[in-house]
Amino acid sequence: MPHDTLPPQRILWTMPYLPWPITSGGKARQYHLLRCMAERGHRITLLVQSKTPADAAVHAALKPLVDELIVLPRRPLKHPLTLWHAACSRLPLLTSINGFAPALSARFEALLQSRRWDIVQIEHSYGLQPFLAALQRHRQPFLLVEHNVESELGAATYGQWPAAARPLVWYDQWRARRWERKALAQADVVVAVTDSDARKLATLGGRPTCVVSNGVDTRGFADVQPDATGQRVLFVGNYEYAPNVDAVEWALDEVWPRLWALRPDARFVVCGHAMPDAWRQRWPDPRIDWRGYVPSLPEVQSQSAVFMAPLRSGGGSKLKVLEALAAGLPVVSTREGLSGLDVQDGVQARVADTAQAMAQATAELLAQPDRARALGQAARQHVGAHFDWRAAASQLEAAYAAHAPAHGAASGGRA
């Protein structure tokens, strides 16, 4: 059935975190796809395991989008059972932290028994473990959505570990590769964020793979007017995610000394959730504006002249970069930061993969506001034409349609 005529589906959708408040690109993706799918009439039961409780604001944001919101607590990171599983399980660290959750498994089992689901959608291979036995027992087809190729994130994640932990790093990387292949092979359809990731995931798991791109709420950034004549350079990230930590630290160690040699008045505005306190002491330069979490991203975008994306790892496409492009901010980024966005160097963004190139490109845009405005306007037009959450929702419906034949064959006899 073509996805543009897909009738409302009864969806059981699982996540290993709450998609509200939006403090990361992954949460933004989840929230906006939920919103768009709800607007299309799909009936969603959202099952979440969360390290934080669902307060009144969470319920106010999510309940209008779903038939049922079920939030179960995740064991604390330092709980003895979590530490034991992380050290002794054959599953990788992140999967162990989110797995071995009997209450979550039991609730999922009860949901599978209670009704027939048109779609079961599992977010992240590291979130699959609590559900896998029930899925196999019920012969329930499911979609597995991967936001990255998890086995490629090792360098950024383990780069923060001490050298003494290297044997554990090697062991955990082996566990991660092993689990990733198993999880992908169990899914009926795998969903990736970019074409590049889709090809890699198809090779790893041998399963049909669809692409559901990241998008942006272009309406939310339409009124942003960057300060092209200013000297503020912006970065936004969730610092619970290792590639964002690496981006800021590499920028301040390698890029900014070169940039300040060219533009001494330039300021670095660093925003985002879970900013490490130690950064203020490590880099005390008064030209760095440590903002942390900001409730209004358009406001800080309007105060900035350039968005710098010094991302060296991470996979997928970067929502923070998409949002900057949608806001008309001229972007200077590594190729990794622009992955999946189909931009051309010098047309919609500046591409710079070395510290010197990034410093030089940023300095040029700070010195040439007319050129910066033209680049930002081209970026805004590109995003408006090719990236919108409604288009991503249509891609997700196409993945559902690809899933439908297997679902009908496996569960056609169930009431």
Tell me which donor-acceptor pairs under 3.5 Å the side chains of residues 322-332 have, and how far apart each pair is, sequence neighbours excluded?
none

Tell me if the centroids of the rings in Tyr241 and His147 come within less than 6.0 Å of each other. no
State the CZ-CZ distance between Arg380 and Arg373, to the nearest 0.5 angstrom. 13.0 Å
Please examine the side chains of Phe131 and Val120, heavy atoms only from C-beta on, and report whether any two atoms are closer than 4.5 Å. no
For Arg175 and Leu91, indicate whether the former's side chain and the latter's backbone hold a donor-acceptor pair under 3.5 Å. yes
Any side-chain heavy-atom pair of His124 and Tyr17 under 4.5 Å: yes
Correct closest heavy-atom pair for Leu375 and Ala349 would be CD1-N, 3.6 Å
Of all heavy-atom pairs linking Met308 and Val255, the shortest is CE-CG1, 3.9 Å
Any side-chain donor near an acceptor of the partner, Lys320 and Asn244, under 3.5 Å: yes
Could you tell me the separation between the OG1 atom of Thr95 and the CG atom of Leu93, rounded to the nearest 0.5 Å? 8.5 Å
Are Phe268 and Trp283 near enough that their ring centres are under 6.0 Å apart? no
State whether Arg116 and Asp118 are salt-bridged, where the test is any N-O pair (Lys NZ or Arg NE/NH1/NH2 against Asp/Glu carboxylate O) under 4.0 Å. yes
Any side-chain heavy atom of Gln231 sitting closer than 4.5 Å to one from Arg287? no
Taking C-beta and beyond as the side chain, do Arg107 and Gln49 meet within less than 4.5 Å on heavy atoms? no
Say you draw a straight line from CG of Asp353 to CD of Glu336; how long is it, rounded to the nearest 0.5 Å? 9.5 Å
Apply side-chain contact (heavy atoms from CB on, under 4.5 Å) to Glu150 and Trp179, showing your working. CA-CA 10 Å; Glu150 293 292 335; Trp179 172 253; over 6 Å; no
Flag yes if more than 12 heavy atoms outside Glu299 fall under 6.0 Å of its CD atom; otherwise flag no. no
Could you list the residues that satisfy side-chain hydrogen bond (donor to acceptor under 3.5 Å, both in side chains) with Trp13, not counting sequence neighbours? Glu123
At their closest point, which heavy atom of Val211 faces which heavy atom of Val193, and how far apart are they? CG1-O, 3.7 Å
Side-chain heavy atoms of Arg390 within contact of Arg40, under 4.5 Å: yes
State, yes or no, whether a side-chain contact exists between Gln186 and Gln136 at a heavy-atom distance under 4.5 Å. yes
Between atom CG of Leu47 and atom CG of Leu104, what is the distance when rounded to the nearest 0.5 Å? 5.0 Å
Less than 4.0 Å between a side-chain N and a carboxylate O, is that true for Arg282 and Glu249? yes
Side chains of Leu12 and Phe108, heavy atoms from C-beta outward: is any pair under 4.5 Å? yes
Could you please spell out the steps behind the side-chain contact (heavy atoms from CB on, under 4.5 Å) verdict for Trp260 and Asp285? CA-CA 11 Å; Trp260 277 321; Asp285 195 298; 4.0 Å; yes
Residues Ser125 and Arg181: side-chain donor-acceptor under 3.5 angstrom: no
Non-hydrogen atoms of Ala309 and Met358 that approach each other most closely: O-CE, 3.9 Å
Do the rings of Trp174 and Tyr171 sit parallel, tilted or perpendicular, given the 30° and 60° boundaries? parallel
Measure the OH-CG distance between Tyr400 and Leu143 for me, rounded to the nearest 0.5 Å. 7.0 Å
Short question: side chain of Ser296, backbone of Val294 - any donor-acceptor pair under 3.5 Å? no
What is the distance from atom CD1 of Ile119 to atom CD1 of Ile44, rounded to the nearest 0.5 Å? 11.5 Å
Might you work through the side-chain contact (heavy atoms from CB on, under 4.5 Å) test for Asp345 and Leu338, ending with a clear yes or no? CA-CA 10 Å; Asp345 183 24; Leu338 294 165; over 6 Å; no
Examine distances only and state if a side-chain atom of Arg115 and a backbone atom of Leu111 form a donor-acceptor pair shorter than 3.5 Å. no
Say whether Gln344 and His382, considering side chains only, have a donor N or O and an acceptor N or O under 3.5 Å apart. no
So, does Glu254 use its side chain to make a donor-acceptor pair with the main chain of Leu252 at under 3.5 Å? no
Is there side-chain contact between Met37 and Leu396, with heavy atoms separated by less than 4.5 Å? yes
Say whether, by atom type as modelled, one donor and one acceptor occur between the side chain of Arg207 and the main chain of Ala187 under 3.5 angstrom. yes
Val145 vs Arg29, test: side-chain contact (heavy atoms from CB on, under 4.5 Å). Steps then yes/no. CA-CA 12 Å; Val145 182; Arg29 175 185 172 89; 4.2 Å; yes
Tabulate below the donor-acceptor pairs under 3.5 Å that side-chain atoms of residues 60-77 make, not counting sequence neighbours, or state none.
residue	atom	partner	partner atom	Å
Asp67	OD2	Arg43	NE	2.9
Asp67	OD2	Arg43	NH2	3.3
Arg75	NE	Thr82	OG1	2.9
Arg75	NH1	Phe100	O	2.7

Minimum heavy-atom separation for Ser24 to Asn238, with atom names? CB-ND2, 3.1 Å
Considering all heavy atoms of both residues, which atom of Gly99 and which atom of Pro130 are nearest to each other, and what is their separation? CA-CG, 3.9 Å
According to the interplanar angle, ranging from 0 to 90°, do the rings of Trp279 and Tyr239 count as parallel (below 30°), tilted (30 to 60°) or perpendicular (above 60°)? perpendicular
Just one of Arg178, Glu180, Arg177 clears the side chain to side chain donor-acceptor pair (under 3.5 Å) bar with Ser151, so which one? Glu180
